[in-house]
Protein chains: 2
Amino acid sequence: MPRAGLSPQLVADLALAVVDEHGPDALTLAAVAQRAGVAVPSLYKHVAGLPALRAAVALHCVDELADVMAGALDGRSSSEALVALAHALRRHALAHPGRYAAAQSDWVREPSAELLVAGARAVGVARAAVAALGVPPDRQVDAVRAVRATLHGFVSLELAGGFGMPDDVDVSFDFLVAGLVEALVAAGAGTARPVVG
Amino acid sequence: MPRAGLSPQLVADLALAVVDEHGPDALTLAAVAQRAGVAVPSLYKHVAGLPALRAAVALHCVDELADVMAGALDGRSSSEALVALAHALRRHALAHPGRYAAAQSDWVREPSAELLVAGARAVGVARAAVAALGVPPDRQVDAVRAVRATLHGFVSLELAGGFGMPDDVDVSFDFLVAGLVEALVAAGAGTARPVVG
DNA sequence: GCATGTGGCTAATGCAGTTAGCTTTCTGTT
DNA sequence: AACAGAAAGCTAACTGCATTAGCCACATGC
């Protein structure tokens with residue numbers, strides 16, 4: 001019985017590969033053990049159980065998503081920033097649908113503090129984007145919620161195969177993002193000159 | 001061994017109750033059998049298995065959602081219709097989170113023809129709403145996708161507990177819906193007078 | 001009043017996660 | 001170099017779930 005040379009990191013990487021190839025629902029200890037060339041209980045030497053493995057994968061995916069979002073903002077301002085964020089997020093989700101799904105908050109039953117921090121970082125990036133658009137502070141929470149709802153709604157419907165019509169989905173996304181930017185800019189303008197009109 | 005008097009309908013109703021109380025993930029044959037006061041294999045006399053039971057529940061939930069949406073449109077026109085649809089959908093989802101989740105397309109692996117028809121009906125209602133807003137036919141697919149993405153995105157994030165900030169979620173929703181209506185009206189106006197401006 | 005079909009049941013199988021406890025291998029100290 | 005102990009693998013066993021097979025009893029129809 002030669003040692004397989006596992007480690008918590010390697011187990012998490014294998015789990016990530018499963019999620020990448022077959023989606024979060026396919027993440028089972030059996031699948032990971034098979035990839036590791038190891039019996040299922042052996043995994044418990046490196047990870048506390050399935051929920052812990054899920055938590056590790058989710059943390060990685062949320063961090064990655066936050067990185068993608070932050071990278072899109074880099075060097076851009078005003079509406080360009082939000083548009084770039086939107087496209088970067090969708091591109092990432094389409095390229096790694098399993099990871100995107102694993103980053104959603106309903107996949108892990110009891111989120112750890114680390115996971116909450118990672119999620120907060122992603123939200124912070126979105127907040128920076130709406131701030132760059134001129135949305136005043138007292139509207140930023142609403143604006144961030146609008147951004148998240150819009151982008152997540154579109155991408156999750158698209159990934160779930162919810163768009164049956166043959167019409168170009170890229171066009172629909174551009175349409176949606178344009179409307180979002182417009183609405184947020186208007187909100188900014190509205191509060192920027194509160195009593196003038 | 002007195003007969004329990006089950007029927008496919010009754011089994012589906014019990015399944016719906018499980019989904020209502022504990023969410024779609026908690027729907028197991030064991031849970032339904034317990035409610036029915038019956039051994040698990042007995043259920044197979046009335047339903048083909050767990051996937052079939054899920055399909056039945058999903059069909060009911062999608063139909064119900066389409067009804068709610070259609071009911072909101074009743075007697076309303078222009079932007080009022082879409083606003084009413086939005087609030088009716090969110091109200092229904094918050095009142096029956098399990099049913100709303102069960103109505104999503106990723107919950108059933110292989111949707112039946114019936115389920116697709118029910119989904120198409122819901123989409124048709126959304127299309128009627130955007131048409132009432134003056135969105136021209138060649139923009140309606142984009143508009144419907146925007147409506148679905150916006151509403152589903154917001155509601156699913158809210159149900160997943162994704163909104164950590166203490167700020168009023170009702171206000172955020174109104175903000176989002178107002179922006180959506182505005183963007184769709186603008187799209188209608190834009191295509192109504194294509195070359196004038 | 002019996003024959004039949006239907007609606008229950010128990011038993012058994014397979015697959016998932018998890019725990020316990022054993023053995024082997026690596027490592028680090030003397 | 002030898003050995004002690006920790007770390008990493010294993011098998012065995014248990015639980016909960018879905019599913020299938022096959023049995024038995026009730027209810028109905030002739």
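Reminder, nothing fancy here: chain letters follow the sequence lines and each chain counts from 1.
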Colleague: Tell me if a side-chain donor or acceptor on A:His60 pairs with a main-chain N or O of A:Ala56 at a distance below 3.5 Å.
Modeller: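 No, because the side chain of A:His60 does not come within donor-acceptor range (under 3.5 Å) of the backbone of A:Ala56.
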Colleague: With a 4.5 Å cut-off on side-chain heavy atoms, are B:Leu159 and B:Leu94 touching?
Modeller: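 Yes, at least one pair of side-chain atoms sits under 4.5 Å.
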Colleague: Looking at B:Asp67, B:Asp63, B:Asp20, which hits salt bridge (Lys or Arg N to Asp or Glu O under 4.0 Å) with B:Arg99?
Modeller: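 Among B:Asp67, B:Asp63, B:Asp20, the one meeting salt bridge (Lys or Arg N to Asp or Glu O under 4.0 Å) with B:Arg99 is B:Asp20.
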Colleague: When every nucleotide of nucleotides 15-20 of chain C is labelled 5' to 3' by its protein contacts under 4.0 Å (heavy atoms), B for base, S for sugar-phosphate only, - for none, what sequence of letters results?
Modeller: -SSBB-
Colleague: With a cut-off of under 6.0 Å to the ring centre and 45° to the axis, is A:Arg145 in cation-pi contact with B:Phe175?
Modeller: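 Because its charged atom misses either the 6.0 Å distance or the 45° angle limit, A:Arg145 does not stack over B:Phe175.
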Colleague: Can you tell whether the side chains of B:Arg139 and A:Asp167 come within less than 4.0 Å, N to carboxylate O?
Modeller: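 Result for this pair is no, no salt bridge flagged.
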Colleague: Taking N or O atoms only and anything under 3.5 Å, show me the protein contacts with nucleotides 6-8 of chain D, one pair per line.
Modeller:
| residue | atom | partner | partner atom | Å |
| --- | --- | --- | --- | --- |
| D:dA7 | N3 | A:Arg3 | NH2 | 3.0 |
| D:dA8 | O4' | A:Arg3 | NH1 | 2.9 |
| D:dA8 | N7 | A:Lys45 | NZ | 3.2 |

Colleague: Do the side chains of A:Arg90 and A:Asp170 get close enough for a salt bridge, i.e. N-O under 4.0 angstrom?
Modeller: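 Salt bridge present between A:Arg90 and A:Asp170.
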Colleague: Taking the inter-plane angle between the rings of A:Phe173 and A:His87 on a 0 to 90° scale, is it parallel (under 30°), tilted (30 to 60°) or perpendicular (over 60°)?
Modeller: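 Aromatic pair A:Phe173/A:His87 classed perpendicular.
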